[in-house]
S.K.: 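Have a look at the structure that comes next, please.
Atoms within a ligand are numbered from 1 in the order they appear, just like the ligands themselves.
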Amino acid sequence: MAKEAESKWNGFSLKRRKEMPDGLWMRCPGCEHMLYRSAVEKNLNVCPECNHHFRIEAATRIKYLVDEGSFEEILSDLTTHDPLGFKYRGTTYKQRIKADEKKCGAKEAMRIGKAFIKGRGIVLGAMEPNFLMGSMGFVVGEKFCAAVDKAIEELLPLVVVCCSGGARMHEGVVSLGQMAKTSAALAKLDEAKGLFISVLTDPTTGGVTASFAMLGDCLIAEPGALIGFAGPRTVAETIKVELPEGFQTAEFMLEHGFVDMIVHRRDLRSEIARLIDYCKK
Ligand SMILES: [Zn+2]
């Protein structure tokens, strides 16, 4: 009998992760310890016991990353329409958007704007994992390209924090088109000799990995982040082999040359600032 590929992975879930339930205490999925929520929050949402990096929303990410109060958001009102009249299991795309808007307060899965990191001007993009799983539809593609244009126009480095389940199925081929669009925009940035630092956080998958996430001049990953195209179970079932330990983790990606460095959340600011100086941008 053929050996069954072992994988605990159950596919990408559109549900909000249960790892951050409301209350005083929380359980760390990394070490199973019960932790004081406030202690974790004080530690930039990183487990003080095992260094597990919790998933964070765009607003928190921006707060951690940039100089206090320096983020000037642009295109915050850009919202998607429903190009396909999409409906899945009785729920329409429009209903999903409304529900996620209400749940996380975001209007789309990416926020962009200008900011400073340790006094260095940048154009920043931060993906919103709680809005349709940070998926890339028309608006995310459009915002990303606007951020690239701004970086070219003002000769600023572009920093994008990726956190995404991939292309947004609700927009079908329109979503897939964003892969080509964002990649073409980055080719323009490259011609203009711009700098693009891509920060890969848990999870960076699907069409986002297959387009702009991997096109950074420098790829920084957070420890333990899931980075890949298709999920491990799909890969295991397709190629019918047992996957190596740690498959698709940031550490595995570093070992195999897919990312340049793994940086702890507390060091991201100084590391990005150092890279900007090093590249003389
Ligand atoms: Zn832990």
S.K.: Going by distance alone, is a donor N or O of one side chain under 3.5 Å from an acceptor N or O of the other, for Lys98 and Gln95?
M.R.: no

S.K.: Could you tell me if Tyr93 and Arg168 have a donor-acceptor pair between their side chains, going purely by distance under 3.5 Å?
M.R.: yes

S.K.: Kindly work out whether a path of hydrophobic side-chain contacts (I/L/V/M/F/W/Y, heavy atoms less than 4.5 Å apart) joins Val123 to Leu268.
M.R.: no

S.K.: Sum up the protein N, O or S atoms located under 2.8 Å from the Zn ion (ligand 1).
M.R.: 4

S.K.: Listed by chain and number, what are the ring pair (Phe, Tyr, Trp, His ring centres under 6.0 Å) partners of Phe196, not counting sequence neighbours?
M.R.: Phe144

S.K.: Considering only residues two or more places apart or on different chains, which pairs with a residue in residues 246-261 satisfy salt bridge (Lys or Arg N to Asp or Glu O under 4.0 Å)?
M.R.: none

S.K.: Can you list every pair that meets ring pair (Phe, Tyr, Trp, His ring centres under 6.0 Å) and has a residue in residues 255-280, with sequence neighbours left out?
M.R.: His53-His264, Phe252-His256

